[in-house]
Amino acid sequence: MKTFKNILLVYPEFPSNTYWSYKYALNFINKKCAMPPLGLVTIAALFPEGYNLRLIDMNIQPLKSEDILWSDAVFVSAMIVQKNSMEKAISECNKLNKLVVAGGAHITSSHNEINGVDHFVIGEAEDVIINLLNDLEKGCAIKIYSSPNKPDISNLKTPRFDLLDMDAYGSMAVQYSRGCPFHCEFCDIWSVYGNNPRLKKAETFIGELDELYRLGWRGAIFVVDDNFIGNKKRAKEELLPTIMQWQKEHDFCYRFFTEASINLADDEVLLALMRDAGFNSVFIGVETPSKESLKETGKIQNLKSDMKDSIKIIQSFGIEVMAGFIVGFDSDSDDIFKRQIAFIQDTGIPQAMIGILNALPGTKLYKKLDAEGRIISNSIGNNTHQMETNFKTKMESTKLKDGYKKVLSEIYDYNLKNYFDRCTKLLDNLGQTPYFQREIGFKEFIMLLKSIFKQPFTAYGWQYLKFTIRNLIKNANFFGEVMRFSIIGHHFHTITQQTIKIESIISELDTNYNRFYEQIKIKTSNALSNSKESVKDFVFLMRQQRIILQSMRTKIKKLNKEFKHDITMKYFEISYKMSQLLQNFEIQAAKNYHV
């Protein structure tokens with residue numbers, strides 16, 4: 001009987017050309033990826049003794065044949081945005097005849113569409129992983145493993161952080177809770193993980209900090225909860241006081257950031273505890289300043305207070321607010337784009353993640369739109385800087401796309417004036433955080449040198465200099481944050497400008513093709529009446545095609561390599577269609593010539 005003791009854990013690659021990747025900021029600090037695959041190291045801790053585990057995070061290293069051949073089975077986890085990389089990884093495993101087990105968010109929602117997988121783990125794995133491993137050993141494993149119950153996470157084993165190459169990551173990740181008490185229509189978190197948040201015991205959470213500390217990690221830690229304050233009472237009474245005590249005993253070595261709902265601003269005791277425990281940033285789903293759209297999507301928690309005031313309150317406790325924004329709701333009016341820009345600027349949110357609404361599988365939104373016959377494709381899972389959505393929007397698609405491009409180009413403008421203005425407003429709004437100013441060590445000094453030698457000579461160089469000089473004088477105690485915002489700005493600037501250039505090239509390709517098509521029609525008509533001119537016309541059209549495609553190739557070459565794939569495919573599509581038109585013209589002209 002075959003044994004399954006060598007287990008390869010594979011985490012597919014995220015696209016690097018997204019706001020979420022922070023690729024162009026990480027380059028300043030010699031990191032390869034923003035965060036590690038917490039899900040896989042959490043699952044790794046569930047394996048009994050006797051199993052040999054390896055982890056390949058394709059975001060920091062390639063998946064090699066020798067790694068696959070070493071294994072008895074390959075466990076793959078992925079989100080929707082990792083779909084393409086996941087499919088390639090599974091294909092490589094199939095070629096080498098290795099058993100594949102797949103789980104994670106994308107697999108849970110779309111396993112019926114995924115090929116090449118021997119066994120699926122649907123939903124959370126804690127209650128099924130041992131059964132799967134036992135069945136593999138016995139040779140009787142079934143296709144799908146899932147549990148009808150939500151697992152108890154209060155005493156979960158500490159994730160196998162030792163499997164990670166910690167030096168490759170910008171931050172580490174831990175989890176306190178699963179689930180969210182709200183019912184946002186476009187979100188699948190509450191439907192997958194439940195509305196009643198399940199929490200770890202404080203000592204279980206602290207055990208994870210102990211392990212990270214033992215392994216030598218010093219720096220930022222992301223608490224990955226989709227709503228850290230899903231249970232305010234326990235966060236205030238159990239977890240945060242425990243973290244505060246641990247930080248005192250370890251010289252306040254960690255800074256935390258997390259995700260929460262905007263009702264965090266309603267509880268100043270909670271805010272003070274988070275600040276004093278070391279939380280200096282929180283991501284909030286603001287979504288939209290439109291009350292109609294918030295009602296439409298069931299974001300009731302955002303309707304109970306003035307969101308601008310709430311954000312300012314959170315900032316006053318020394319906590320940066322990062323936020324997500326969405327356009328494309330059915331209720332959105334034509335002025336929504338100006339309103340989004342104004343809201344983001346007025347509130348001083350430097351890191352604003354803005355996207356066109358997409359319908360994710362398993363959400364109430366998807367089910368509603370599917371019932372209305374409005375779903376047109378699968379979501380690719382990337383909720384920023386994508387110009388298309390996967391359903392028929394009420395707003396005319398060109399208007400939505402143009403409005404969205406305007407929001408991006410204003411929020412992360414060419415010279416980053418608006419971005420640096422928001423950074424300055426935030427720094428002025430931040431209350432004192434006595435224990436958690438960023439320490440300036442050797443790595444920070446190198447980051448500073450890289451910034452000084454590169455950023456003043458960029459398109460936004462003047463605004464960069466004004467921002468750094470002004471805030472190094474007025475907000476000197478936030479020196480580290482000034483430099484952090486500077487390099488993050490470089491990332492957002494790069495992504496935005498490349499995205500806008502791609503859209504310009506796509507538009508030009510379509511325009512040139514349409515013109516070429518019209519020329520072909522005219523020349524074909526002329527060939528019917530004057531066939532002797534068709535040879536000259538054919539030569540002219542060939543020259544036109546060559547000029548158009550050469551111009552497009554030149555522009556594509558100037559793009560960063562991470563952005564070239566999709567636009568290159570578009571280029572080849574247009575090139576092929578133009579060649580087909582030329583071929584048809586040649587055939588028609590030849591027929592007319594012989595008549």
Side-chain angles (χ1 to χ4, degrees), residues 15 18 20 77-84 86-87 102-117 120-124 143-144 146-148 150 178-195 226-227 285 287-288 290-303 324-333 336 353-401 403-404 566:
T18 74
W20 294 104
S77 176
M79 292 187 282
I80 298 176
V81 73
Q82 298 168 283
K83 176 183 176 182
N84 292 339
M86 179 201 72
E87 290 174 347
H106 173 50
I107 286 80
T108 293
S109 64
S110 305
H111 61 277
N112 291 328
E113 304 168 7
I114 299 172
N115 298 315
V117 174
F120 291 105
V121 176
I122 306 304
E124 298 171 75
K143 187 72 173 180
I144 295 177
S146 64
S147 172
K150 306 296 182 190
R178 295 181 192 170
C180 178
F182 300 109
H183 298 82
C184 303
E185 184 182 48
F186 56 82
C187 181
D188 62 352
I189 293 300
W190 61 270
S191 60
V192 174
Y193 298 108
N195 275 132
D226 290 286
N227 194 344
E287 320 311 355
T288 176
S290 167
K291 291 183 178 181
E292 293 77 16
S293 295
L294 290 172
K295 290 176 184 176
E296 169 195 323
T297 197
K299 196 89 177 184
I300 57 172
Q301 63 272 30
N302 288 22
L303 291 166
F325 297 87
I326 297 173
V327 294
F329 291 110
D330 285 354
S331 301
D332 278 350
S333 55
I336 190 60
M353 301 297 194
I354 313 143
I356 296 178
L357 182 64
N358 265 254
L360 297 176
T363 60
K364 286 178 64 177
L365 176 64
Y366 188 96
K367 294 172 183 176
K368 180 185 79 172
L369 294 173
D370 191 36
E372 295 173 0
R374 295 169 62 187
I375 297 293
I376 56 179
S377 65
N378 293 327
S379 172
I380 63 171
N382 187 356
N383 63 349
T384 64
H385 77 277
Q386 290 297 317
M387 299 296 162
E388 308 293 339
T389 186
N390 67 329
F391 69 94
K392 297 175 184 176
T393 56
K394 290 287 182 72
M395 183 180 290
E396 196 273 320
S397 59
T398 301
K399 181 184 292 185
L400 176 58
K401 183 177 179 178
Y404 178 54
D566 290 343

Margin query: List the residues meeting salt bridge (Lys or Arg N to Asp or Glu O under 4.0 Å) with Glu124, not counting sequence neighbours, and say none if there are none.
Written below: Arg178, Arg198

Next item on the list: Compare every heavy atom of Ile356 with every heavy atom of Leu400, then report the nearest pair and how far apart it is.
Entry: CD2-CG2, 3.8 Å

Check: Roughly how far, to the nearest 0.5 Å, is the CG atom of Leu369 from the CD1 atom of Ile375?
Finding: 5.0 Å

Notebook entry, point to check: Looking only at atom types and distance, does a side-chain atom of Thr363 sit under 3.5 Å from a main-chain N or O of Cys187, one as donor and one as acceptor?
Noted result: no

Checklist line | Check: Met395 and Val327 side chains under 4.5 Å, non-hydrogen atoms | finding: no

Check: Is the backbone N or O of Phe182 less than 3.5 Å from a side-chain atom of Gln301, with the two atoms forming a donor-acceptor pair by type?
Finding: no

Next item on the list: Only counting residues at least two apart or in another chain, list the ones meeting side chain to side chain contact (heavy atoms under 4.5 Å, CB included) with Glu292.
Entry: Ser290, Ser331

Notebook entry, point to check: Quick one: CD1 on Ile300 to CG on Leu294, what's the gap to the nearest 0.5 Å?
Noted result: 11.0 Å

Margin query: Using 0.5 Å steps for rounding, measure from the OG1 atom of Thr389 to the CD1 atom of Ile376.
Written below: 7.0 Å

Next item on the list: Check salt bridge (Lys or Arg N to Asp or Glu O under 4.0 Å) between Lys295 and all other residues, then give those that pass, not counting sequence neighbours.
Entry: none

Item checked: Heavy-atom donor-acceptor pair, Ser110 side chain to Ile107 backbone, under 3.5 Å -> no

Notebook entry, point to check: Measuring from Phe186:CZ to Ile326:CD1, what's the distance to the nearest 0.5 Å?
Noted result: 4.0 Å

Next item on the list: State whether the side chain of Thr297 and the backbone N or O of Lys299 hold a donor-acceptor pair below 3.5 Å, judged by distance alone.
Entry: no

Notebook entry, point to check: How far does CD1 of Ile336 sit from NZ of Lys399, to the nearest 0.5 angstrom?
Noted result: 13.0 Å

Note to self: Which residue is it: Asn302, Asp332, Thr288? I am looking for the one with a side chain to side chain donor-acceptor pair (under 3.5 Å) to Ser293.
What the structure shows: Asp332

Item checked: Exam field: side chain Tyr404 to backbone Glu388, donor-acceptor pair closer than 3.5 Å -> no

Check: Got a sec, which residues hit ring pair (Phe, Tyr, Trp, His ring centres under 6.0 Å) with Phe120, two or more places apart in sequence or on another chain?
Finding: His111

Check: Has the side chain of Gln82 got a donor or acceptor atom that lies under 3.5 Å from a matching backbone atom of Met79?
Finding: yes

Check: What pair of heavy atoms forms the shortest contact from Lys392 to Gly373, and how long is it?
Finding: NZ-O, 4.0 Å

Checklist line | Least distance between heavy atoms, Gly328 atom then Phe391 atom | finding: O-CZ, 4.0 Å

Next item on the list: Could you tell me which residues satisfy salt bridge (Lys or Arg N to Asp or Glu O under 4.0 Å) with Lys368, sequence neighbours excluded, listed by chain and number?
Entry: Glu185

Checklist line | Contacts of type salt bridge (Lys or Arg N to Asp or Glu O under 4.0 Å), residue Glu372, not counting sequence neighbours | finding: Arg374

Notebook entry, point to check: Quick one: does Pro361's side chain get under 4.5 Å of Ile80's, heavy atoms only?
Noted result: yes

Next item on the list: Ignoring hydrogens and angles, tell me if any N or O in the side chain of Asn390 forms a donor-acceptor pair with the backbone of Ala359 under 3.5 Å.
Entry: yes

